[in-house]
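Read the structure below first, then the notes.
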Number of protein chains: 2
Amino acid sequence: MSINFEGLSRKEQIVVVAAQLFRQKGYEASSMRDIASAMRIEAASLYHHIKSKDEILEMICFGMAQKFISAIGEVNDIYFNAEERLREAIYQHVKIITDDMDKSAVFLKEWRSLPAASLQEFMRLRNNYEHEFTAIVENGIQEDIFEHVDKKFAVLSILSSVNWINEWYHPDGKMQAKEIASHISDFVMGGLRKKLITDYNYKP
Amino acid sequence: MSINFEGLSRKEQIVVVAAQLFRQKGYEASSMRDIASAMRIEAASLYHHIKSKDEILEMICFGMAQKFISAIGEVNDIYFNAEERLREAIYQHVKIITDDMDKSAVFLKEWRSLPAASLQEFMRLRNNYEHEFTAIVENGIQEDIFEHVDKKFAVLSILSSVNWINEWYHPDGKMQAKEIASHISDFVMGGLRKKLITDYNYKP
DNA sequence: ACTCATAACTAACGTTTGTTAGACAAAAAT
DNA sequence: ATTTTTGTCTAACAAACGTTAGTTATGAGT
């Protein structure tokens with residue numbers, strides 16, 4: 001367990017422990033009894049703090065969604081150049097993921113277990129976020145610093161790259177968020193930035 | 001339901017229907033009664049053809065794994081140049097995914113529900129496959145046509161890009177496997193191929 | 001006509017699931 | 001000192017789960 005576990009409300013503690021489990025075994029495969037036992041209490045006791053198992057998943061998914069959305073909002077407010085904006089957006093995204101690998105794993109992979117109503121809202125938020133990235137890429141093309149590529153395609157490639165971090169990042173590894181984001185940005189920019197290639201192997 | 005459904009053994013039909021469901025709702029959230037009802041029979045009747053629910057998941061995961069592995073085996077036998085090999089490996093990977101979106105979704109996202117024993121074997125196969133990609137990238141660096149990048153990092157980026165197809169590809173869309181693979185290859189090569197950039201915005 | 005394999009059925013099993021009701025203990029507020 | 005709040009407990013619920021047993025229907029080969 002990482003730091004600061006005490007000092008959290010009991011409800012937030014449950015969410016943290018649940019996120020750990022959901023990441024490990026998946027939402028459906030994790031029972032309320034599993035969560036309870038990880039907290040060394042009985043399953044029924046959980047219901048003094050939370051309404052349902054669904055609510056835990058909702059708190060994780062929407063909590064993370066809000067972080068991503070407000071992050072890209074700030075980026076678009078501050079940074080002017082499209083490349084700078086994209087690089088910063090990527091960094092913020094990477095940072096949010098690496099800051100809480102458990103919750104982001106749940107956010108990325110378990111959201112479809114949300115109850116129907118929440119699911120719809122969640123997908124709306126996710127679309128919004130995706131659209132903010134598309135806007136940056138569009139700007140980059142207008143500003144003539146990005147190649148004229150398929151926008152949707154480019155955005156999906158970018159997001160797939162940044163989200164994949166969740167499969168292999170370890171907090172105690174060599175790379176930290178800044179470095180990872182920089183690597184990914186370079187990789188992505190390689191496919192986006194306008195360039196004059198003098199490559200003996202280049203085929204247009 | 002796509003073509004050729006009849007003509008399959010009853011067992012294979014069950015696997016096809018199950019893959020559809022597993023993709024839609026996830027393995028844990030799909031019950032044997034769900035599968036049975038989709039086939040318009042009773043749950044108990046399934047057990048005349050299969051041993052267990054686990055067995056269905058195993059058939060899907062290992063069936064797909066074999067396709068991927070034998071594909072990259074052929075690529076390494078035939079194509080000589082590292083860039084050609086990588087492009088063809090990517091194409092084959094994309095083709096396998098787009099050919100069966102249901103089974104590949106299960107392969108990509110539901111494998112951790114495999115029973116412990118199978119899980120270990122599955123991860124071994126997956127590592128092998130990953131390693132074959134790493135080898136191609138290594139060759140590319142030796143042949144001096146790829147940039148000197150972090151190998152593991154590059155491979156993970158490549159695989160994340162190709163696997164992400166499973167999130168958005170539609171068989172009746174504009175792009176087909178060949179075209180998609182070509183786009184992805186270009187994108188990936190942008191980050192790998194040695195180049196001399198004459199970019200007014202380039203910072204080394 | 002009889003056999004045999006195939007594929008389905010009904011009924012039920014033991015377990016696990018998310019969740020509720022109501023009692024009890026300790027600490028905080030009055 | 002007593003009420004209130006907070007957190008936990010035991011016990012149990014109905015529903016859903018994967019699976020088994022034993023039976024019946026269908027069609028092909030003899």
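Every chain is numbered from 1 and lettered A, B, ... according to where its sequence line falls, protein lines coming before strand lines.
- Put simply, H48(B) has no side-chain N or O that comes within less than 4.0 Å of OP1 or OP2 on dA5(C).
- One atom, CD of E42(B), and another, C1' of dA8(C), lie 9 Å apart when rounded to the nearest Å.
- When rounded to the nearest whole Å, the span between CZ of R40(A) and C1' of dT8(D) equals 16 Å.
- Following rounding to the nearest Å, K11(B) (NZ) and dA8(C) (C1') show an atom-to-atom distance of 18 Å.
- Straight-line distance from the CD atom of Q13(A) to the P atom of dT6(D): 16 Å, rounded to whole Å.
- A search for salt bridge (charged side-chain N to carboxylate O under 4.0 Å, His left out) contacts involving K178(A) returns nothing, not counting sequence neighbours.
- Remark: K53(A) qualifies as a cation-pi partner of Y27(A) under the 6.0 Å distance and 45° angle criteria applied to the six-membered ring.
- Distances shown here put a side-chain N or O of S45(A) below 4.0 Å from the OP1 or OP2 atom of dC9(D).
- No side-chain donor-acceptor contact under 3.5 Å links R33(B) to the backbone of A43(B).
- Counting all heavy atoms, side chain and backbone alike, N166(A) lies closest to M101(A) at ND2-O, 3.4 Å.
- The distance from atom CD1 of I41(B) to atom P of dT6(C) is 16 Å, rounded to the nearest whole Å.
- Per the geometry, NE2 belonging to H49(A) stands 15 Å off P belonging to dT5(D), to the nearest Å.
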Just the table, please: protein N/O against nucleotides 17-24 of chain D N/O, every pair under 3.5 Å.
{"residue": "dG18(D)", "atom": "OP1", "partner": "K53(B)", "partner atom": "NZ", "Å": "2.9"}
{"residue": "dG18(D)", "atom": "OP2", "partner": "M32(B)", "partner atom": "N", "Å": "2.9"}
{"residue": "dG18(D)", "atom": "N7", "partner": "R33(B)", "partner atom": "NH1", "Å": "2.9"}
{"residue": "dG18(D)", "atom": "O6", "partner": "R33(B)", "partner atom": "NH2", "Å": "3.0"}
{"residue": "dT19(D)", "atom": "OP2", "partner": "Y47(B)", "partner atom": "OH", "Å": "2.6"}
{"residue": "dT19(D)", "atom": "OP2", "partner": "K53(B)", "partner atom": "N", "Å": "2.9"}
{"residue": "dT19(D)", "atom": "O5'", "partner": "Y47(B)", "partner atom": "OH", "Å": "3.3"}

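- Taking atom CD1 of residue I14(A) and atom C1' of nucleotide dT8(D), one finds them 11 Å apart after rounding to whole Å.
- Checked against salt bridge (charged side-chain N to carboxylate O under 4.0 Å, His left out), D100(A) has no partners two or more places apart in sequence or in another chain.
- Comparing the axis of the opening five pairs of the helix from dT3(C)-dA28(D) to dT30(C)-dA1(D) with that of the closing five pairs yields an angle of 10°, rounded to 10°.
- Taking both residues in full, the closest heavy atoms of L125(B) and A65(B) are given as CD1-CB, 4.2 Å, listed atom of the first, atom of the second, then distance.
- Nearest heavy atoms, Y47(A) versus S52(A): CE2-CA, 4.1 Å.
- Within the structure, ring-ring contact (aromatic ring centres under 6.0 Å, His included) contacts touching residues 87-116 of chain A (residues at least two apart or in different chains) are F68(A)-H93(A), F68(A)-F107(A), H93(A)-Y129(A), F107(A)-F122(A), W111(A)-F122(A).
- Listed for the E143(A) side chain is a donor-acceptor partner under 3.5 Å among the backbone atoms of A82(A).
- Under 4.0 Å is where a charged nitrogen must lie from a carboxylate oxygen, and between K11(B) and E55(B) at least one such pair does.
- For the pair R10(B) CZ and dA8(C) C1', the interatomic distance rounds to 9 Å; values are reported in whole Å.
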Polar-atom pairs under 3.5 Å, protein N or O versus N or O of nucleotides 25-27 of chain C: list them with distances, or write none.
none

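- Within 6.0 Å of atom CD in E12(A), more than 12 heavy atoms from other residues, nucleotides or ligands are found, so the atom counts as buried in its surroundings.
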